[in-house]
Structure formats: C-alpha cells, structure tokens
Amino acid sequence: MAADVPPTLSVQLLEEPRLLKLKKVFVSKFHSTPKFYARAPGRVNLIGEHIDYCGYAVLPMAIQQDILIAAEPLSTPVIHLANTNPLYLDFSTNANNIEINQAKPLWHNYFLCGFKGIEDHFDLGSPSGMNCLVEGTIPASSGLSSSSALVCCAGLVTLLANGKTLPKVELAELCAKSERYIGTEGGGMDQSICFLAEEGTAKLIEFSPLRATYVRLPRGVAFVIANSCVEMNKAATSHYNTRVMECRLASKLLAKSRGVDWKATAKLQDVQAALKLSLEEMLAVVEEVLHPEPYSIEEIGERLGTSPRELYAQILSQNTQDVTIFKLYQRAKHVYSEAARVLEFKKICTEAPADAIQLLGGLMNQSHVSCRDLYECSCPELNQLADICRQFGAVGSRLTGAGWGGCIVSMVPADKLERFLANVKEAYYKHGDQRLALEENNLFATNPGGGAMVFLEA
Ligand code: ADP
Ligand code: NG1
C-alpha cells in the first residue's frame with residue numbers, strides 16, 4: 001500500500017478515445033502537447049457520514065466518474081487553467097504568488113489547493129509553471145466528491161510537473177490538508193479513497209494513522225446512485241463547518257465533564273480514546289452529560305470556564321462566527337452511533353451471514369434516519385428519493401456525502417435492478433421541475449473503481 005505515486009500506465013493507453021480527445025482540445029487551446037495526464041476518481045460513501053472529521057472510520061468506494069487533467073510543465077512561472085466545460089472559465093496566475101479565494105470559491109481555487117499542498121510540502125521556492133486542461137464527469141456539489149477529485153488531481157499534476165514522488169498515503173493526507181485552504185474543515189475520507197481505492201473493492205478507511213482495508217461487498221446486490229438534483233456547495237455555505245464545530249464543542253464538553261484536558265481535545269474520538277470506553281458506553285456518556293436542548297455559546301463558555309469571545313476566536317472557524325445555537329447532544333449521538341454502524345457493516349461483510357444483505361440494508365436505513373433526524377443534513381428531496389428507492393426494492397437507501405442535497409446510495413438485489421431503475425426514473429425524475437429527468441448520470445448502478453492514476457506521453 002505504500003507504493004510510490006505515480007504508478008504509471010503504459011503509453012498505449014493514450015489510444016483511449018477520451019485521452020486522445022482531451023489531447024486534441026489541449027493542442028488547440030495551448031498550441032502545444034500535454035506531457036502527461038492524471039486521473040482522480042469521485043467516490044460514493046456506503047456508510048459512515050460526517051464522522052471522518054471526528055476521527056472515525058468510514059466505508060467508501062471509488063466510482064467510475066472522475067477528473068482528468070492533461071498537463072504540460074512550463075519554464076515560465078505561470079499557471080494557465082482551462083476546462084472542457086464552458087461553465088468553468090479559463091484562469092491564469094503567477095505560480096509564485098497564488099491566492100485562494102475562500103469568499104468566492106470558483107473552480108480554479110480547488111486546483112490551487114492541490115497546487116499549494118505540494119508547493120508547501122516540498123517547500124518549492126519556485127514551483128514549475130503549467131498549462132492544464134481539466135475535464136470532469138462527476139456531478140458537482142452532489143456528495144460524490146468532485147471537489148476532492150479536482151484537488152487530488154491538481155496535487156498529482158503539480159507533483160509530476162515538479163519532478164517529485166510521494167507514497168499514496170502521504171499524498172492522501174497532504175491533499176486532505178490542502179483542501180482545507182478552501183475554508184471547509186473536512187475529514188480525510190474523500191482524498192483517502194481517491195488515492196487508496198482499488199478496483200473491485202470498497203475500503204474501510206481508518207485515520208491516525210491512515211490505512212485502507214479491503215471490504216468484500218456481498219454478492220447478488222448492486223449499489224445504485226440516484227441524484228436528487230439539489231446542489232449544495234460546501235465551501236459557499238456554513239452548513240458543513242457548523243456541524244464540524246458542533247462536534248468539536250461537544251467533544252470539549254464531554255472531555256471537561258470527565259476530567260480530560262478539554263483544550264487538548266478536538267474530536268469526539270479523542271474523548272473515547274481518553275476514557276477507554278466502547279462506542280455504546282460513549283452513547284451513555286452523551287445521555288448523561290449533554291442535554292437535547294440547543295446550547296447557547298454562553299452556556300458552552302460557562303461549562304468550559306471560558307468566554308464566548310475566546311470560543312469564537314480560538315475554536316470556531318471563520319464562516320461560523322455568526323452561529324449562536326449549537327446542537328451538541330444530537331450531533332454527538334449521531335457520530336458515536338454512526339461510527340458503530342460502520343464497524344458493524346464491515347463485520348457483516350467479513351462474516352457474510354445468510355441474512356447479510358438484510359442486515360446491511362438495515363444499517364444503511366438507520367444511517368439515513370440518523371443523518372436526517374439527529375445530524376439534520378438531509379433535505380425533503382433526499383428523503384423523498386430514499387423513500388422511493390426503498391419502495392421500489394432497495395434493501396437499504398441513504399444519503400451519501402455531506403448531504404443537504406446531492407445523492408442517495410441504495411443497495412438493490414441484482415435481480416430487481418432493471419425494474420428498480422425504471423420505476424425510480426418514473427417516480428422521481430419524470431416529475432418535478434428542475435429534475436432534468438432521464439439524464440443517464442442522475443441514476444446509475446456503480447462498481448468499486450480504481451484510485452488516482454497517471455498516464456505518461458511518449
Ligand atoms: P462535491 O460534493 O462534489 O465535492 P463541492 O460543493 O464541495 O461538491 O465542490 C464542487 C465544486 O468543485 C464546484 O463548484 C467546482 O468549483 C468544483 N468542480 C467540480 N467538478 C469540476 C469540474 N469538472 N471542473 C472544474 N471544477 C469542478
Ligand atoms: P462531500 O460530500 O464530497 O462534500 C464531505 C467531506 C468529507 C465528509 C463528508 C460527510 C470534504 C472535502 N469532504 O464530502 O470529508 O465529511 O462530507 O461524510 O470536506
């Protein structure tokens with residue numbers, strides 16, 4: 001697993017029509033030839049939502065949709081970015097002086113996150129300039145990790161353009177850190193599966209230290225992604241970071257109540273590790289210590305023996321400075337129970353009991369309910385779509401990714417797949433105003449795909 005990146009593919013792969021087409025557009029755009037190409041996949045998370053940034057294991061797999069970049073290093077310190085999608089406008093900047101705009105997170109800022117990650121890691125005094133052409137097939141802002149695929153792909157091309165290599169695990173950690181330059185305080189799930197995915201298998205991703213373990217999914221089922229067609233850009237809203245902050249504050253209150261150093265506690269997993277309790281026992285601690293009524297910042301300050309001003313300055317992110325109400329009990333309950341569901345899901349996959357499919361489906365359904373009711377990261381369209389999927393034969397359906405829009409992932413018995421797709425299409429996509437129905441990429445079955453990759457020019 002510690003293989004160096006990039007694992008290169010043979011140059012014959014350039015015969016692939018998609019790469020050749022990208023090369024053609026590159027040539028007409030930049031009047032020169034790309035020297036290499038990088039590919040980074042999106043992902044679907046099967047279970048374990050909003051717990052990576054709390055330190056807990058998650059269970060995603062890579063999908064076929066990806067970000068592809070054709071690149072050419074330049075001898076001048078300038079970065080020129082173009083995109084095959086005309087919605088994403090051309091952008092140029094001096095490579096020695098990049099600026100990431102959190103207030104207006106246009107697409108090139110995600111590229112620059114990956115660029116800056118490599119620049120900082122290797123302390124590149126004068127990073128190589130580049131011409132880059134980007135093409136993406138992952139629906140954006142839909143919980144399938146298009147932003148991280150772009151960050152990881154940009155990190156890969158920057159690594160190559162500067163003649164460096166890194167083990168995959170380090171690249172994943174570096175890209176997780178660098179995506180935070182956009183302002184969202186994400187965990188490391190997306191960047192980890194992007195680099196550590198292997199074709200044919202989902203992965204249990206664990207953190208600190210980062211590792212990815214093979215998970216054999218049951219035979220006889222298909223995993224189907226259905227897009228609610230509601231978009232939610234994480235960096236442009238404060239929903240996501242508010243949840244990260246609520247978990248952070250909950251961990252501090254739990255730590256303080258049990259005599260653990262709350263200032264050194266940042267994640268809910270830190271409290272569990274300090275108390276040496278099981279996840280079930282942590283749920284009991286939550287019941288005992290936290291109350292279901294929302295907390296004001298004043299109450300949190302009082303409990304911790306600090307001032308609201310200190311909390312805003314030291315603990316809360318820039319885009320959560322206006323938040324005044326925090327639901328600590330509900331968020332902590334979701335996190336500890338979801339973390340237990342992930343371990344149970346993995347155990348069932350490994351032990352493969354006769355009723356494995358029913359058990360796994362049940363866990364996925366419970367996960368959706370917890371995201372909807374305790375974590376409040378669903379939305380009416382996602383709930384409706386999950387219900388429709390279950391109605392037409394899914395054994396389990398749940399929102400995947402950050403939520404507040406985006407996609408549902410369903411586990412569907414293989415022999416029901418065709419009817420399932422037809423019925424869901426009819427029930428969800430043919431009605432509704434902006435559901436650009438029948439578009440193939442709104443509803444599709446997916447198989448575990450491979451991780452990020454580099455293709456060299458001859
Ligand atoms: P996701 O859940 O897909 O990661 P985010 O809202 O976090 O969604 O990020 C989506 C952003 O990523 C888009 O607004 C855009 O800036 C960038 N992005 C996604 N796909 C592409 C693409 N093909 N080309 C350029 N930028 C892209
Ligand atoms: P998506 O849905 O791709 O934006 C986000 C986070 C993940 C994870 C999930 C929720 C980033 C880059 N990604 O994913 O780390 O927390 O939400 O489980 O912040």
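One is the number of the first residue; the rest follow in order along the sequence. What you see is a predicted model, and the numbers here were worked out from it, not measured in a lab. Ligands are counted one by one from 1 in listed order, and the atoms in each one are counted from 1 as well.
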Give the atom numbers and elements of ligand 2 that come within less than 4.0 Å of a heavy atom of [X].
| X | answer |
| --- | --- |
| G401 | 2 (O), 10 (C) |
| S145 | 3 (O) |
| M189 | 8 (C), 9 (C), 18 (O) |
| D52 | 7 (C), 8 (C), 15 (O), 16 (O) |
| G143 | 2 (O) |

*Kindly determine whether S367 and E338 satisfy side-chain hydrogen bond (donor to acceptor under 3.5 Å, both in side chains), including the steps that lead there.*
CA-CA 6 Å; S367 168; E338 183 78 354; 2.8 Å; yes
Is [X] atom [atom1] crowded by more than 12 heavy atoms from other residues, nucleotides or ligands, each under 6.0 Å away?
| X | atom1 | result |
| --- | --- | --- |
| R180 | CZ | yes |
| E199 | CD | no |
| Q321 | CD | yes |

*asked:* Using the ring centroid of each side chain, check whether Y53 and Y240 are separated by less than 6.0 Å.
replied: yes
_Evaluate S148 for polar contact with ligand 2, using N/O atom pairs at a separation under 3.5 Å._
no
*Close N or O approach (S147, ligand 2; < 3.5 Å)*: no
_Heavy-atom contact check, 4.0 Å cutoff: does N85 meet ligand 1?_
no
_Options Y88, W107, Y110, ranked by nearest heavy atom to atom 21 (C) of ligand 1, top entry_ = Y88
*Which of these, E179, E185, E49, has its nearest heavy atom closest to atom 12 (C) of ligand 2?*
E179
*Measure R43 to ligand 2 on non-hydrogen atoms and call it side chain, backbone, both or neither using the 4.0 Å cut-off.*
side chain
*asked:* Students should be able to answer this: which protein heavy-atom is nearest to atom 16 (O) of ligand 2, and at what distance?
replied: Y240 OH, 2.6 Å
*For residues E179 and S147, is any side-chain donor paired with an opposing acceptor at under 3.5 Å?*
yes
*Atoms in ligand 1 flagged as close to N83, the criterion being non-hydrogen separation under 4.0 Å*: 24 (N), 25 (C)
